[in-house]
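All values below were derived from every heavy atom in this structure, side-chain atoms included, with hydrogens, water molecules and symmetry-related copies excluded.
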Amino acid sequence: MSYQNAYTAYQRTNISTASQGRLVVLLYEGAVKHLTAAINLIEADSKIKPSNIEQFGIHIQKAQAIVTELQVSLDMEKGGDIARNLMSLYVYFNEELMTASISHDKAKLQLILKMITDLTESWRMVANSTANAPAATISKTVNIEG
C-alpha cells in the first residue's frame, strides 16, 4: 500500500468513526485550511498571479461548500438561539466569501478566517468534552444533525 493510499484510508477511518462534534471540528479545520491557502495566494498588492487564479477559486469554493454543509446540518428546531446565531454567521461567511473571491480582498478573508478559527476552538472544546458520550447524548449537547 502506498503512502497516499494509507493516508486516504486513515482519513476515511477518522471520518467514519468520529463523533458528531468531531465531524464539525473536521469541517471547520477544512475551512481554515482552504481559507489559509486562498489568502496565501493573494499578493501584497491584492493581486493574484494568473497561474494561481484557478487554485484561489478552488480554495474559496471548497471553503464555501464546507460552510454550506455546516449550515444545512444545523437543527433549527432543537438548536434554539445557538442554531439561529450560527445560521446567521454561516450566511454572512458565504456572502463575504463570494465578495472576497471577486475582489481578492485579503483583509476580508483574514477576518473570516479569524472568526472560523475561533469557532473551531469552541467546537473543539465541545467535541472533547463529549468525546466519550454516546452519539445520542452528543446530538443533544451540540444541537446539530449531520
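- Rounded to the nearest 0.5 angstrom, Ser73 OG and Leu23 CG are separated by 9.5 Å.
- Distance check: Leu89 CG to Ile116 CD1 gives 9.0 Å after rounding to the nearest 0.5 Å.
- Rounded to the nearest 0.5 Å, atoms CG (Leu35) and OG1 (Thr117) are 8.0 Å apart.
- Among residues at least two apart or in separate chains, side-chain hydrogen bond (donor to acceptor under 3.5 Å, both in side chains) pairs with a member in residues 33-44 are His34-His59.
- The line from CG of Asp75 to CG of Leu86 is 12.0 Å long, rounded to the nearest 0.5 Å.
- When the ring pair (Phe, Tyr, Trp, His ring centres under 6.0 Å) test is applied to Tyr90, no partner is found at least two apart in sequence or on another chain.
- Under the 4.5 Å side-chain contact rule for hydrophobic residues, Ile82 and Tyr92 share a cluster.
- Not counting sequence neighbours, Ser103 has no partner by the side chain to side chain donor-acceptor pair (under 3.5 Å) test.
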Compile the donor-acceptor pairs under 3.5 Å between side chains in residues 60-67 and protein atoms, sequence neighbours left out, one pair per line.
none

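- Of the inter-residue distances, the one linking Asp81 atom CG with Ser88 atom OG reads 10.5 Å to the nearest 0.5 angstrom.
- At most 12 heavy atoms of other shown residues, nucleotides or ligands fall within 6.0 angstrom of atom CE in Met98.
- Among residues at least two apart or in separate chains, salt bridge (charged side-chain N to carboxylate O under 4.0 Å, His left out) pairs with a member in residues 111-125 are Glu29-Arg124, Lys114-Asp118, Glu121-Arg124.
- Asn52 is linked by a side-chain contact (heavy atoms from CB on, under 4.5 Å) to Leu41, Ile48, Lys49, counting only residues two or more places apart in sequence or in another chain.
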Evaluation steps, side-chain contact (heavy atoms from CB on, under 4.5 Å), between Met125 and Asn128: CA-CA 5 Å; Met125 289 188 326; Asn128 288 341; 5.9 Å; no
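- Take Asp45 and apply the salt bridge (charged side-chain N to carboxylate O under 4.0 Å, His left out) test, not counting sequence neighbours, and it matches no residue.
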Listing, residues 104-113 side-chain donor-acceptor contacts under 3.5 Å, not counting sequence neighbours, or none:
from: Asp105; atom 1: OD1; to: Ala107; atom 2: N; distance (Å): 3.2
from: Asp105; atom 1: OD1; to: Lys108; atom 2: N; distance (Å): 3.0
from: Lys106; atom 1: NZ; to: Ile42; atom 2: O; distance (Å): 3.3
from: Lys108; atom 1: NZ; to: Glu96; atom 2: OE1; distance (Å): 3.3

Evaluation steps, side-chain contact (heavy atoms from CB on, under 4.5 Å), between Leu119 and Phe93: CA-CA 12 Å; Leu119 284 168; Phe93 290 157; 3.9 Å; yes
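- Side-chain contact between Leu70 and Tyr28: present, with at least one pair of heavy atoms (C-beta onward) separated by less than 4.5 Å.
- When hydrophobic clusters are built by joining Ile, Leu, Val, Met, Phe, Trp and Tyr residues whose side-chain heavy atoms come closer than 4.5 Å, directly or via intermediates, Trp123 is grouped together with Met76.
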